[in-house]
Amino acid sequence: MSRPLFVAAWFSPWSERARFALDHHRIDYREEAYVPMLGEPLLRLRTRVFRGPVTVPVLLHDGHVFRDSVEIARYADRLGTGSPLFPASAEAEVTRYVELATGIMEASRALSVSRMARDERLQFENLPPAVPAPLRPVFARMGTRFMTRKYRLDARDLEQDRAAIRRGLEQLRTELRGRDTLLSSFTFADIAVAVSLTMLRPVEHPVVPLGPGMRAAFTEPGLAEEFGDLLAWRDKLYAERRSMQGAAGPAAA
Ligand SMILES: N[C@@H](CCC(=O)N[C@@H](CS)C(=O)NCC(=O)O)C(=O)O
């Protein structure tokens with residue numbers, strides 16, 4: 001089998017959930033670090049998307065182009081040798097949890113980008129090392145504006161976002177009922193939900209090499225305290241299930 005190319009943002013939970021699935025299946029891929037804004041022209045060429053937004057992660061393999069984290073995870077299920085992440089018997093339930101987790105991540109993105117806009121230093125470690133020191137504040141500001149425009153974050157009501165995240169987390173707490181996995185076996189539902197909690201407070205794990213700035217940007221202190229039980233569940237899941245492949249890290253950016 002030729003080696004898939006995984007284009008991903010080292011700091012992004014959307015990339016991490018696809019990477020987690022690839023690593024679960026022990027797929028031998030090459031990861032290339034995507035740099036927001038600067039990397040967009042090459043990403044458009046590779047994905048052949050010339051209009052509208054383009055996002056990472058993207059997986060390129062044997063002439064196929066997968067442009068979405070969930071599509072990549074499904075493809076990993078076809079290629080890999082690990083236990084199935086999308087078992088046929090649980091298809092609808094996995095999809096429901098992925099939608100719930102994605103909603104939490106989208107609402108959390110509005111909160112974290114607004115934190116970055118208030119303190120651009122939080123973005124510095126997200127910039128490629130090649131950007132010289134005097135230009136870092138300018139690039140950080142551009143990055144925050146770019147994300148705000150691209151995801152229409154100006155139009156969001158942050159209090160509503162916070163309330164929506166709380167409702168989602170309460171539902172997860174009720175449905176998890178203290179168990180190790182959301183369904184009867186470990187599935188992509190667990191990956192999607194565990195990774196969505198990055199944006200409440202990032203996990204401490206070598207495959208998620210966030211520095212203090214990105215950690216602060218991703219942390220929602222009140223909710224992190226209120227849902228410490230879910231974070232403990234996530235930490236245990238990472239400790240037990242997350243293998244050590246992957247993770248481009250900022251140095252590779
Ligand atoms: N539906 C996509 C959404 C991915 C997504 O939102 N990616 C963001 C992660 S921050 C991204 O590419 N940001 C960089 C950019 O917009 O340039 C997926 O799940 O793969």
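Position 1 is the first residue of the sequence, and the numbers go up from there. The structure displayed is predicted, hence computed values, not measured ones. Atoms within a ligand are numbered from 1 in the order they appear, just like the ligands themselves.
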Within the 4.5 Å heavy-atom criterion, are [X] and [Y] side-chain neighbours or not?
| X | Y | result |
| --- | --- | --- |
| Phe186 | Ile191 | yes |
| Trp233 | Val193 | yes |
| Arg46 | Glu32 | yes |

Under 4.0 Å from a heavy atom of [X]: which atoms of ligand 1 are those, numbered in the order shown and with their elements?
| X | value |
| --- | --- |
| Arg17 | 19 (O) |
| Ser12 | 9 (C), 10 (S) |
| Tyr34 | 17 (O) |
| Pro57 | 20 (O) |
| Lys150 | 15 (C), 16 (O), 17 (O) |

Give a yes or no on whether the ring-centroid distance for Phe20 and Tyr238 is below 6.0 angstrom.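 Under 6.0 Å, so yes.
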Does this structure show an ion pair linking Arg96 with Glu99, if we count only N-O contacts that are shorter than 4.0 Å? no
Any salt bridge linking Glu16 with Arg242? Criterion: basic side-chain nitrogen under 4.0 Å from a carboxylate oxygen.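 Looking at Glu16 and Arg242, the cut-off is met.
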Looking only at protein heavy atoms, which one is nearest to [atom], and how far off is it?
| atom | answer |
| --- | --- |
| atom 1 (N) of ligand 1 | Asp68 OD1, 2.7 Å |
| atom 11 (C) of ligand 1 | Tyr151 OH, 3.2 Å |
| atom 12 (O) of ligand 1 | Val56 N, 2.8 Å |
| atom 3 (C) of ligand 1 | Trp14 CD1, 3.6 Å |
| atom 6 (O) of ligand 1 | Arg109 NH1, 3.1 Å |
| atom 20 (O) of ligand 1 | Ser69 N, 2.7 Å |

Looking at every heavy atom in both Pro202 and Thr219, which two are closest together, and how far apart are they?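 Minimum heavy-atom contact is CD-OG1, 3.5 Å.
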State whether the side chain of Thr148 and the backbone N or O of Asp154 hold a donor-acceptor pair below 3.5 Å, judged by distance alone. no
